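Atoms considered below: every heavy atom in the structure, side chains included; atoms not considered: hydrogens, waters and symmetry mates. Predicted model, so just to flag it, every value in this text is computed and none were measured.
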Amino acid sequence: MRVALFLTCVNDTLYPDTGRAVVRLLNRLGVDVDFPLAQTCCGQAHYNTGYRHETEPLARHYAEVFGEYDAIVTPSGSCAAMVRELYPRLGERARAEGRGDALADVLAPVVPKTYELTEFLVDVLGVTDVGAVYPHKVTYHPTCHGLRSLGLGDRPRRLLEAVRGLELVELPGADECCGFGGTFAVKNAGVSAAMGADKMRHAESTGAEVLCAADNSCLMHLGGTMSRAGSAVRPVHIAEILASTEEEPAR
C-alpha cells in the first residue's frame, strides 16, 4: 500500500509536530508514509468563503499530487471532509454550468482514498490498540466535521480507550460546536468567543488535564480561549497521544 500524508495548511504552518506524530505512529504500525512536497491547500478556506471557482485549481492540484497513492491520510477532519464531501460538489456544479465532466473525472479517484487519521487506523488497518502510552486524564471533543460530515462516530474514543495509562472522561455538551468554524470566528467573533468559552468550561468541569480532538483548527481556537483564561487544560491532537510511547512520550 502506497500511503501519503496530507498535512494541511494549518498543521504545516502552526502544528508540524502533529504531522511528525502521524508519521511515527504509522511507521510503528508498519506503514511506510510518503510526504509529497508539491502538496498545497485543499481549498477549504476558499470554498467556505464563497470562492468556488478559485477552489477548483487547488482541487485539481490535490488530485494530481495524490492521485497515484492507494491511501491519503490527514490529521484533519475538516480537510478530509472538504475532499470527501465537497470535491464531488465541485464536479457537479461544473457539470451543471455546462463545463462538462472533466473536473468531476479528475477529482473522483482521490475522494474515496482520502481518510482522516482515525478512520484509516480503525477501518483500513483494523487496529484500535496502537501501542500508545499516555498517563494523563483526557477528555475528547468530537469536532463538527468529524462528527457530522465524516461520521467518525466512536473511532477516536475506541483508540483513546486502548491507550495505556490514559483516563478518558466524558465531555459535557460534546456534540456542540466549539465556535471556530474557520472564517465564522472572524465574521462572528463575539458568538465564536462565547461558544469557545462554553466548551472550555465544559472541559474544565471534567477535571481533565488534556482536551483532545482530531482537528488542530478547533484546538487552536480552544487553546487560545483557554490560554487567555489561564485554564490548566491543555489542547493536544489525538495523533500526538497515539504516537506517544514510554520511550518517546508526548507532553
Colleague: If you take all heavy atoms of T206 and A203, which pair is closest and at what distance?
Modeller: OG1-O, 2.6 Å
Colleague: When clusters are formed by joining ILVMFWY residues with side-chain heavy atoms under 4.5 Å apart, either directly or through shared neighbours, do V111 and L58 land in the same one?
Modeller: no
Colleague: When hydrophobic residues are tied together by side-chain contacts of less than 4.5 Å, even through go-betweens, does L159 share a cluster with V210?
Modeller: yes
Colleague: Counting neighbours of CG on D70 that are heavy atoms of other residues, nucleotides or ligands and sit closer than 6.0 Å, is the number greater than 12?
Modeller: yes
Colleague: According to a hydrophobic-cluster definition based on side-chain heavy atoms being under 4.5 Å apart (Ile, Leu, Val, Met, Phe, Trp, Tyr only), do I241 and V122 belong together?
Modeller: yes
Colleague: We want to know whether S76 and T74 form a side-chain donor-acceptor pair, criterion being a heavy-atom distance below 3.5 angstrom.
Modeller: no
Colleague: Could you go through C212 and V236, starting from their C-alpha distance and side-chain angles, then the distance that decides it, and tell me whether this counts as side chain to side chain contact (heavy atoms under 4.5 Å, CB included)?
Modeller: CA-CA 5 Å; C212 167; V236 180; 5.6 Å; no
Colleague: Can you hop from L37 to V22 via hydrophobic side chains spaced under 4.5 Å?
Modeller: yes
Colleague: Testing the basics here: between R28 and V130, what is the closest heavy-atom pair and its distance to 0.1 Å?
Modeller: NH2-O, 2.8 Å
Colleague: Would you name the heavy atoms of F6 and C79 that are closest together and state the gap between them?
Modeller: CE2-CB, 3.9 Å
Colleague: Between R99 and E56, does at least one N-O distance fall below 4.0 Å, as a salt bridge requires?
Modeller: yes
Colleague: Can we say R24 and E240 salt-bridge, meaning some charged N sits less than 4.0 Å from an Asp/Glu carboxylate O?
Modeller: no
Colleague: Under the 3.5 angstrom rule, does the side chain of T49 hit a backbone N or O of Y51 as a donor-acceptor pair?
Modeller: no
Colleague: For the pair D215 (side chain) and G77 (backbone), establish whether a donor and an acceptor sit closer than 3.5 Å, ignoring hydrogens and angles.
Modeller: yes
Colleague: What heavy-atom pair brings Y140 and P142 nearest, and what distance separates the two atoms?
Modeller: O-CD, 3.5 Å
Colleague: In terms of hydrophobic clustering (I, L, V, M, F, W, Y; side-chain heavy atoms under 4.5 Å; direct or indirect links), are V23 and L26 co-clustered?
Modeller: yes
Colleague: When rounded to the nearest 0.5 angstrom, what distance separates CG in L86 from SG in C42?
Modeller: 9.0 Å
Colleague: Taking atom CD of E246 as the centre, report whether more than 12 heavy atoms of other residues, nucleotides or ligands fall under 6.0 Å from it.
Modeller: no
Colleague: Is R60 reaching over with its side chain to a backbone N or O of V106, donor-acceptor style, under 3.5 angstrom?
Modeller: no
Colleague: Taking the side chain as C-beta and beyond, is there a heavy-atom pair between P235 and L222 under 4.5 Å?
Modeller: no
Colleague: Do we see a donor-acceptor contact under 3.5 Å between the side chains of E54 and H46?
Modeller: no
Colleague: Using atom types as modelled and distance alone, determine if a side-chain donor or acceptor of S231 lies under 3.5 Å from a backbone N or O of S227.
Modeller: no
Colleague: Applying side chain to side chain contact (heavy atoms under 4.5 Å, CB included) to L90 and Y47, what does each step give before you reach the verdict?
Modeller: CA-CA 9 Å; L90 285 174; Y47 186 93; 3.7 Å; yes
Colleague: Is the backbone N or O of T128 less than 3.5 Å from a side-chain atom of R155, with the two atoms forming a donor-acceptor pair by type?
Modeller: no
Colleague: Keeping the roles fixed (side chain from R84, backbone from T114), state whether a donor-acceptor pair exists under 3.5 Å.
Modeller: yes
Colleague: Can you establish whether the number of heavy atoms outside F35 located under 6.0 Å from its atom CZ is more than 12?
Modeller: yes
Colleague: Do the side chain of H61 and the main chain of Q39 share a donor and acceptor less than 3.5 angstrom apart?
Modeller: no
Colleague: Quick one: pull up CG in L219 and OG1 in T225 and give me the separation to the nearest 0.5 Å.
Modeller: 11.0 Å
Colleague: Looking at side-chain heavy atoms only, is the closest gap between H53 and E97 below 4.5 Å?
Modeller: yes
Colleague: Please tell me if the side chains of L25 and L121 come closer than 4.5 Å, counting only heavy atoms from C-beta onward.
Modeller: yes
Colleague: Under 4.5 Å between any side-chain heavy atoms of T139 and H141, yes or no?
Modeller: no
Colleague: To the nearest 0.5 Å, what is the distance between OG1 on T40 and CG on L7?
Modeller: 12.0 Å
Colleague: Measure the shortest side-chain to side-chain distance between L211 and M200 over non-hydrogen atoms and say whether it is less than 4.5 angstrom.
Modeller: no
Colleague: When you measure from the side chain of E119 to the backbone N and O of E116, does any donor-acceptor pair fall under 3.5 Å?
Modeller: yes
Colleague: How would you list all residue pairs meeting ring-ring contact (aromatic ring centres under 6.0 Å, His included) that involve residues 67-99, not counting sequence neighbours?
Modeller: Y62-Y87
Colleague: Roughly how far apart are L103 CG and E92 CD, rounded to 0.5 Å?
Modeller: 10.5 Å
Colleague: Can you measure from SG (C218) to NE2 (H221) and round to the nearest 0.5 angstrom?
Modeller: 8.0 Å
Colleague: Closest approach of L5 and P75, non-hydrogen atoms and distance?
Modeller: CD1-CD, 4.0 Å
Colleague: Determine whether a donor-acceptor pair (N or O, by modelled atom type, separation under 3.5 Å) exists between the side chain of D12 and the backbone of T8.
Modeller: no
Colleague: Is a side-chain donor or acceptor of S244 paired with a backbone partner of A250 at a separation under 3.5 angstrom?
Modeller: yes
Colleague: With heavy-atom distances below 4.5 Å as the criterion, would you say the side chains of R2 and D32 are in contact?
Modeller: no
Colleague: Side-chain polar contacts of residues 167-180 - donor-acceptor pairs under 3.5 angstrom, sequence neighbours left out - could you list them?
Modeller:
from : atom 1 : to   : atom 2 : distance (Å)
E170 : OE1    : R157 : NH1    : 3.3
E170 : OE1    : R157 : NH2    : 3.4

Colleague: With a 4.5 Å cut-off on side-chain heavy atoms, are P249 and V133 touching?
Modeller: no
Colleague: For a side chain to side chain contact (heavy atoms under 4.5 Å, CB included) check, start with the C-alpha distance between T55 and Q44, then their side-chain angles and the critical distance, and finish with the verdict.
Modeller: CA-CA 8 Å; T55 303; Q44 179 189 173; over 6 Å; no
Colleague: Which heavy atom of K113 sits nearest to which heavy atom of P109, and what is that distance?
Modeller: CE-O, 3.2 Å
Colleague: Name all residues meeting the ring-ring contact (aromatic ring centres under 6.0 Å, His included) criterion together with H202; count only those two or more places apart in sequence or in a different chain, and write none if there are none.
Modeller: none
Colleague: Determine whether more than 12 heavy atoms belonging to other residues, nucleotides or ligands lie under 6.0 Å from atom CD of E161.
Modeller: yes
Colleague: Just so I know, are the side chains of F120 and T118 near enough to count as touching, which here means a heavy-atom distance under 4.5 Å?
Modeller: no
Colleague: Show, in sequence, the C-alpha distance, side-chain angles and deciding distance for D154 and R158, and conclude whether the side chain to side chain contact (heavy atoms under 4.5 Å, CB included) test is met.
Modeller: CA-CA 6 Å; D154 67 349; R158 288 162 62 192; 3.3 Å; yes
